[in-house]
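Taking it in order: structure first as structure tokens, then the write-up.
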Number of protein chains: 2
Amino acid sequence: MNIHKIAKLANVSVATVSRVINNPELVKESTLIKVKTVMEENNYKINPFARNLKKVRTKNIIMIIPNDVNPIIFDIAKGAEEILEKYGYIITLFNNRKSLKKQEGLIDMIHKNRNNFFMDGLILFGSASLQEGYEKSLDKLSNTPIVVIDTGAIDKHLDTVYIDEGISILLTLQYLQKKGHHNIGVIAGNEDYNVTKRRLKELFINSEKLGIKINEENIVYGVYDSIESGYNVVKSLLTLNPKPTVIFAFNDLLAIGVMKYLLENNYKIPEDLAVISCDNIPMANYYHPGITTINFPGEEIGKTAAQILLDRIDNKDIPIQKVLFSPTLKIRESC
Amino acid sequence: MNIHKIAKLANVSVATVSRVINNPELVKESTLIKVKTVMEENNYKINPFARNLKKVRTKNIIMIIPNDVNPIIFDIAKGAEEILEKYGYIITLFNNRKSLKKQEGLIDMIHKNRNNFFMDGLILFGSASLQEGYEKSLDKLSNTPIVVIDTGAIDKHLDTVYIDEGISILLTLQYLQKKGHHNIGVIAGNEDYNVTKRRLKELFINSEKLGIKINEENIVYGVYDSIESGYNVVKSLLTLNPKPTVIFAFNDLLAIGVMKYLLENNYKIPEDLAVISCDNIPMANYYHPGITTINFPGEEIGKTAAQILLDRIDNKDIPIQKVLFSPTLKIRESC
DNA sequence: TTGTATGCGTTATCAA
DNA sequence: TTGATAACGCATACAA
């Protein structure tokens, strides 16, 4: 069923049918009703391929997320939605697990997939998980409006909502110092992620600044989306001498793995060993004991990203925007 | 930059350029190289709108998920991926939070969005969350191959991979009986979900069969994706007289909310009060104590769904397939 | 091995 | 207020 058949059935021209769809105010009431009835009766649906061949806005925003675990994503999506829906856009979360499994660069995945998806713009969550050299891949997407939500380094060429990891680390270290912890065990996430490198760099800078010493051997690496890795890698930190008095995990999932191991082995948290981390996922509140963790203002971040994207869609020539968000520390029982 | 310009620049016809893209084996080596070079130099990208106007297979499968929480989804997706990727398909998780917020029927959302996305088929997870009357909406999608993964009632008209809730409930009750529990508190999920109705029905059938009495007042309702609701609604069960000796939550998130409340209030689990639930999300293993829960064979389910979908894409006229999967009980410390 | 011509379903321009 | 028709970019049957 296409526009021609509808036209024939309604005894009008294709142009009139098109007007009924796109500019109904230009069509006489009676023909409008007639055509609409025919469309209804025949369950006519517009063909987006043909339509977009004429370069009409799709009103679709796609948000690419690098993994299926970190729940801050949904807060961000919620915030972005709130803004975008005012302008008639639909936001769709797009999560290609396959590309992750294959260690394919995120951007290359987008590039490949964009041929298969309509969109007016892209919110790209987590250059954090992008491999080195992704900037080159990004060029392929030259004409697509993109906003990056980034916990790693600031990219020069793109609009970016940036989460200040320096503050995360500083807040954590200051709090630990205040609590009297001098010996910190660190469980970082995937070694090759920008966010990991960035946090470690900030860790060195800020610990030096505060006069806290963190030995190389006190740092181990887990996998961000694997609770199990937290469970496993903490063991090596417990063999250190002197033993750390607190474990700083780079996200809540790692922290949960750590705590499970500690609880199973009859450690009291935080008395025997404290735990602190980043993300403030809902589970951080409902684990027992509750997890002290860095909170990122997800909804605000989403709203800002959406606004910037709309600006960019509206006018490709405005200057690049960078917005910085600062996290806060959510204190619970684990530390 | 389009196929015509490339043709002109390379001094060949559009047909040849098209062949370079789609049937390179039909093109002479030297022209192939020449055309490819020109395409490269001009950063030529195929226009998917024009291409799909010609009804080419997109090799895209979309999996619609009803909410962003239940992690079994990712197991299923993993299984489905494994099969689909053999045939060159890409599976994409598609999660439209907006439609959920608005309580819009899931199918209506798909219908609206399908105009904006290319796909050869659809894996529809959870008629569980579909509202009554969704079958009518489904008709709109008449021509799209669909496989439903369903924990609720079997739909007559669609290929379905079905999870046997009768067995889930039976296994749970048998285990509780064996452990000597006669007074069971039940925390069901959203009252209007098919999966909830189905489980409650099975609960009545099987408890009767086993001679276990479950009073109406022992059943309260939470919200599947809200840990907090589990935390809150368990309170009323604790005021019952006699007090239940075990809480049966309809999913792990609810169970975690329950356990958080119990642990905060110095209940010993399972000595003072046991907890059992459904889903076996990773966190069920890493909560402390570990949660005894019903395990669904997610990967197997995904593989089966993918295979059925491929069959359907291949031949629209084969009879409807129904496959039933049985869950198992994963015993940990909470019960 | 390559080229010509046509159709895919829609929108937009122009004329009536 | 409506209609005829030319694009849009690509794939393909047919011809050469």
Side-chain angles (χ1 to χ4, degrees), chain A residues 1-40 42-60 112 114-120 140 142-144, chain B residues 1-40 42-60 112 114-120 143-144:
Chain A
M1 191 50 57
N2 63 30
I3 213 173
H4 285 97
K5 291 184 187 165
I6 296 292
K8 192 152 286 176
L9 289 171
N11 248 320
V12 295
S13 71
V14 286
T16 298
V17 178
S18 181
R19 276 185 217 103
V20 168
I21 296 168
N22 301 291
N23 301 93
E25 69 279 7
L26 300 178
V27 181
K28 192 168 63 175
E29 178 85 19
S30 59
T31 40
L32 189 69
I33 293 172
K34 186 173 62 181
V35 173
K36 275 192 166 176
T37 309
V38 173
M39 292 198 308
E40 193 74 29
N42 293 277
N43 191 25
Y44 167 75
K45 274 178 304 230
I46 212 163
N47 181 320
F49 304 100
R51 161 174 262 190
N52 280 276
L53 203 49
K54 292 298 232 178
K55 302 194 196 318
V56 171
R57 289 272 166 89
T58 67
K59 288 284 178 179
N60 250 299
K112 241 168 48 188
R114 96 188 268 249
N115 283 346
N116 290 309
F117 289 87
F118 299 55
M119 61 183 165
D120 291 344
K140 297 182 194 164
S142 51
N143 263 330
T144 309
Chain B
M1 191 51 57
N2 61 34
I3 213 174
H4 285 97
K5 292 184 186 166
I6 296 292
K8 191 151 286 175
L9 288 171
N11 249 320
V12 296
S13 70
V14 287
T16 299
V17 178
S18 180
R19 275 185 218 106
V20 169
I21 297 168
N22 301 292
N23 301 93
E25 70 278 7
L26 300 179
V27 180
K28 192 169 62 174
E29 177 84 17
S30 60
T31 38
L32 189 69
I33 293 171
K34 186 171 61 179
V35 173
K36 275 191 167 175
T37 309
V38 174
M39 293 200 303
E40 193 75 30
N42 293 276
N43 191 25
Y44 167 75
K45 276 179 302 233
I46 213 163
N47 181 321
F49 304 101
R51 160 175 265 191
N52 281 79
L53 203 49
K54 298 295 262 183
K55 301 195 197 318
V56 170
R57 286 275 165 89
T58 66
K59 287 284 179 180
N60 250 298
K112 240 167 51 190
R114 94 187 268 250
N115 283 344
N116 291 308
F117 289 86
F118 300 55
M119 59 181 168
D120 291 344
N143 264 330
T144 310

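Residue numbers start from 1 in every chain, and the chains themselves are labelled A, B, ... in the order their sequence lines are given, proteins ahead of strands.
- What separates NE2 of A/H4 from P of D/dG3 is a distance of 13 Å, to the nearest Å.
- A close approach under 4.0 Å does not occur between any side-chain nitrogen or oxygen of A/R51 and OP1 or OP2 of C/dG9.
- A/N2 places a side-chain N or O within donor-acceptor distance of the main-chain N or O of A/H4, the cut-off being under 3.5 Å.
- Regarding B/M1, its CE atom lies at a distance of 16 Å from the C1' atom of D/dC8, rounded to whole Å.
- To the nearest angstrom, C1' of D/dG9 lies 13 Å from CG of B/N22.
- Under 4.0 angstrom from either OP1 or OP2 of D/dG9 there lies no side-chain N or O belonging to B/N47.
- Counting to the nearest Å, the C1' atom of D/dA11 and the CD1 atom of B/I3 are 8 Å from each other.
- Looking only at distances, a side-chain donor or acceptor of A/N47 sits under 3.5 Å from a matching main-chain atom of A/A50.
- A heavy atom lying under 4.0 Å from DNA chain D marks the following residues of residues 7-18 of chain A, by number: A/V12, A/S13, A/V14, A/A15, A/T16.
- When distances are taken from the side chain of A/K28 to each of D/dT1, D/dC10, C/dT2, the shortest belongs to D/dT1.
- The number of heavy atoms from other shown groups lying within 6.0 Å of NZ (A/K34) is above 12.
- The OG1 atom of B/T31 sits 11.0 Å away from the NZ atom of B/K36 when rounded to the nearest 0.5 Å.
- Between B/T31 and the phosphate of C/dT1, there is no side-chain N or O to OP1/OP2 separation shorter than 4.0 Å.
- In this structure, B/M39 places its CE atom 15 Å from C1' of D/dG9, rounding to the nearest Å.
- Atom pair A/I21:CD1 and C/dT10:P shows a separation of 7 Å (rounding to whole Å applied).
- The NZ-C1' distance, from B/K5 to D/dC10, rounds to 15 Å in whole Å.
- Summary of helix geometry: the two end axes of the helix from C/dT1-D/dA16 to C/dA16-D/dT1, each defined by five base pairs via their C1' atoms, are inclined to each other by 30° (rounded to 10°).
- Following rounding to the nearest Å, A/R19 (CZ) and D/dT1 (P) show an atom-to-atom distance of 11 Å.
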